[in-house]
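Below, all heavy atoms of this structure are taken into account, side chains as well, without hydrogens, waters or symmetry copies.
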Amino acid sequence: MDKDDASQAPRRACPICGKPAAPGRGTFCSKRCADIDLGRWLKGVYRVPTDEVPGDGEAGENEAS
């Protein structure tokens, strides 16, 4: 892909506010939106669904102590 093709590629919308993503910011429009997303990850707001029951792995961890 040459330089002209890259400039014509459609930009994605920021997942936080919906504005067009800024060059050099990945999918975000600003540092503020990137920081909001990071904060959500760190607080555990985003989770990957699983069939595991909470506490399944804890028994093995306690036996090793």
At their closest point, which heavy atom of C29 faces which heavy atom of P20, and how far apart are they? CB-O, 3.4 Å
R25 CZ to C33 SG distance, which is reported to the nearest 0.5 Å: 10.0 Å
I need the R40 CZ to D35 CG distance, nearest 0.5 Å. 12.0 Å
What closest approach, in Å, do F28 and P15 show between heavy atoms, and which atom pair accounts for it? CE2-CG, 3.6 Å
Heavy-atom side-chain contact between D37 and Y46 under 4.5 Å: yes
